[in-house]
J.: 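Questions regarding the structure given below will be posed in turn.
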Protein chains: 2
Amino acid sequence: MQYQGHYKNAPKHYLAVDCVIFGYENYELKLLLHKRPIQPQIGGWSLMGGFCGEKEALETAANRVLRQSTGLKDIYLEQVQAFSEPDRDPAARVISVAFYALIRIDKHDAGKVDEMGARWCSLDEVPELIFDHSDIVEKAKERLQMKASLELVGKELLPDEFTLTQLRRLYEAIYQRELDPGNFRKKVLGLNVLERLNTKNTEESKKGAFNYRFRPNSEELNGHERIIKI
Amino acid sequence: MQYQGHYKNAPKHYLAVDCVIFGYENYELKLLLHKRPIQPQIGGWSLMGGFCGEKEALETAANRVLRQSTGLKDIYLEQVQAFSEPDRDPAARVISVAFYALIRIDKHDAGKVDEMGARWCSLDEVPELIFDHSDIVEKAKERLQMKASLELVGKELLPDEFTLTQLRRLYEAIYQRELDPGNFRKKVLGLNVLERLNTKNTEESKKGAFNYRFRPNSEELNGHERIIKI
DNA sequence: CCAAAAGTGTTGAGAGTACACCCATGC
DNA sequence: GCATGGGTGTACTCTCAACACTTTTGG
């Protein structure tokens, strides 16, 4: 710390992370929200968040928040951006760095969620959120759409085995529009990252649909192929 | 500030902005760098940066840094992301939020640049940078490529009037590969955001090429059309 | 049998690519 | 004349979107 003197006139700031936690259930994309337990705006719907520790990377802080609220480790996390309007939090000047996370709802710890007073909300009916959290959700959604258009998402949101219809419904939830079943199937299989299993899922159709899984060591897509035109 | 008590146990952090300033000159994309005037790593090549003020939005801080180093106001700026590895700056724990800026080199204040000990470096031959600034440049470049593929950039980097060849060369510099002149021309004109002027530029060819400019109030592209497949 | 999802095939429109080709002009 | 960039046209390929059609099976 021998040089810190050069910085000592610089102001210091509260620094928080806010996590937009996406999950997929019942053909819907959902968001994990909770009622803010502290002032200001106590009781208002809020993203999961927390302060960044003294010597903690923001990514680490976001992972900590996720573990606390879902019990999960090793979650897929991506930084969205920093939100720094001076008055975004009326109580104090807090800069927040937003992340989005993709969660398998079937795997998460429902107990932890209850304990935090949290709830999964359908993305179509997100309640009014505190501060600028609605803006944060909007940006996170854009980023997720961008990611899903550049590579096949699903590993993080679906069970290990899934049908192509389930995958298509996930994409329909992400883009909030319908996709042609036949064309989606051809496009996705052409990417060569899925592997058909010999088992069938008969829960969602009479005929039964083959299960697929992500090929274990597929070297992902070549470059920047688009899955879905957006 | 009546609620600030809830936050008082949270640590406070130094918060900086670092600007990746892109300019275009002599068929090359360039970066404005300077020799760091303070310890640590005094004299090392560095991005333009500064601390975020007490009540200042990060975007405002970045604009301030830009004005100080180029004399320009109202610059195109986009946030890249926050960099927060605890040891990224060996002197103190500083979180940095990176921005990239697009500058018209012909318009900027060369005097200010000199005064700051700054230099325009070709993007192909960026020297070794301090801290994690090379990572920051890499991310900024990706973001610029993404932006340029989604909408026609140039307003921010080229003179008011320019030829299609100049625009193509800019894109070649951004993507670091050659583009077919005929195809580029057709694609770009099809976007309907350029307006042909009656003047010609004869400096770069014997025949002379028509000047174009961005149509004053064109409502940009429809959705997410791709200019260049990347 | 019927409805509904699974899965395959066909077709046409449009975009991207790789060129060939003429034009204008400074040297 | 010829090299160079400006500018246009063409032809092939590929992808995407729309939709027809067959399969399977529970009710």
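Nothing here was measured: the structure is a model prediction, and the numbers come from that model. Within every chain, numbering begins at 1; the chains are lettered A, B, ... in the order of the sequence lines, protein sequences first and strands thereafter.
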J.: Side-chain N or O of Ser205(B) less than 4.0 angstrom from OP1 or OP2 on dT25(C)?
T.: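 So the side chain of Ser205(B) is outside the cut-off, no N or O lying under 4.0 Å from OP1 or OP2 of dT25(C).
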J.: Check the distance between dG6(D)'s P and Phe162(B)'s CZ and give it to me in whole angstrom.
T.: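 Interatomic distance, CZ of Phe162(B) to P of dG6(D): 14 Å.
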J.: Using whole Å, what does the distance between atom P of nucleotide dC2(C) and atom NZ of Lys206(A) come to?
T.: 14 Å
J.: Nearest to the side chain of Asp180(B), which nucleotide is it out of dC19(C), dG6(D), dA18(D)?
T.: dC19(C)
J.: OP1 or OP2 of dA6(C) less than 4.0 angstrom from a side-chain nitrogen or oxygen of Arg185(A), does that happen here?
T.: no
J.: Does Lys186(B) place a side-chain N or O at less than 4.0 Å from the phosphate oxygens OP1/OP2 of dT8(D)?
T.: no
J.: Provide, to the nearest angstrom, the distance between the CZ atom belonging to Phe210(B) and the P atom belonging to dA24(C).
T.: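 That distance rounds to 11 Å.
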J.: Please give, in whole Å, the distance from dG9(C) C1' to Leu189(A) CG?
T.: 15 Å
J.: Whole Å only: how far is the CG atom of Asn183(A) from the C1' atom of dC21(D)?
T.: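 Asn183(A) atom CG is separated from dC21(D) atom C1' by 14 Å.
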J.: Just wondering, more than 12 heavy atoms not from Lys139(B) lying within 6.0 Å of its NZ?
T.: no
J.: DNA chain C: Gly182(A) or Gly208(B), which has the more 5' nearest nucleotide?
T.: Gly182(A)
J.: Do we see a donor-acceptor contact under 3.5 Å between the side chains of Tyr171(B) and Gln145(B)?
T.: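 Side chains of Tyr171(B) and Gln145(B): no pair found under 3.5 Å.
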J.: Round to the nearest Å and state the distance from Tyr171(A) atom OH to dA17(D) atom C1'.
T.: 18 Å
J.: Do Gln79(A) side-chain atoms and Ala82(B) backbone N/O form a donor-acceptor pair below 3.5 Å?
T.: yes
J.: Rounded to whole Å, how long is the line connecting atom CD of Glu204(A) with atom C1' of dA3(C)?
T.: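 Computing the Glu204(A):CD to dA3(C):C1' distance gives 17 Å.
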J.: Return the value, rounded to whole Å, for the distance between atom CG of Asn201(B) and atom P of dG7(D).
T.: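 So the two atoms are 10 Å apart, to the nearest Å.
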J.: Report yes or no: do Asp18(B) and Ser96(B) form a side-chain donor-acceptor pair below 3.5 Å?
T.: yes
J.: Establish whether the base of dA6(C) is bridged to the side chain of Lys207(A) by a donor-acceptor pair shorter than 3.5 Å.
T.: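 Counting by modelled atom types and ignoring angles, a donor-acceptor contact under 3.5 Å is found here.
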J.: Just to be sure I understand the rule, does Thr165(A) reach a base, reach only the sugar-phosphate, or reach nothing, if contact means heavy atoms closer than 4.0 Å?
T.: sugar-phosphate
J.: Do you see a donor-acceptor pair shorter than 3.5 Å between the side chains of Thr163(B) and Asn201(B)?
T.: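 Judged by distance alone, the side chains do not pair up.
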J.: Does OP1 or OP2 of dG16(C) have a side-chain N or O of Lys187(B) closer than 4.0 Å?
T.: yes
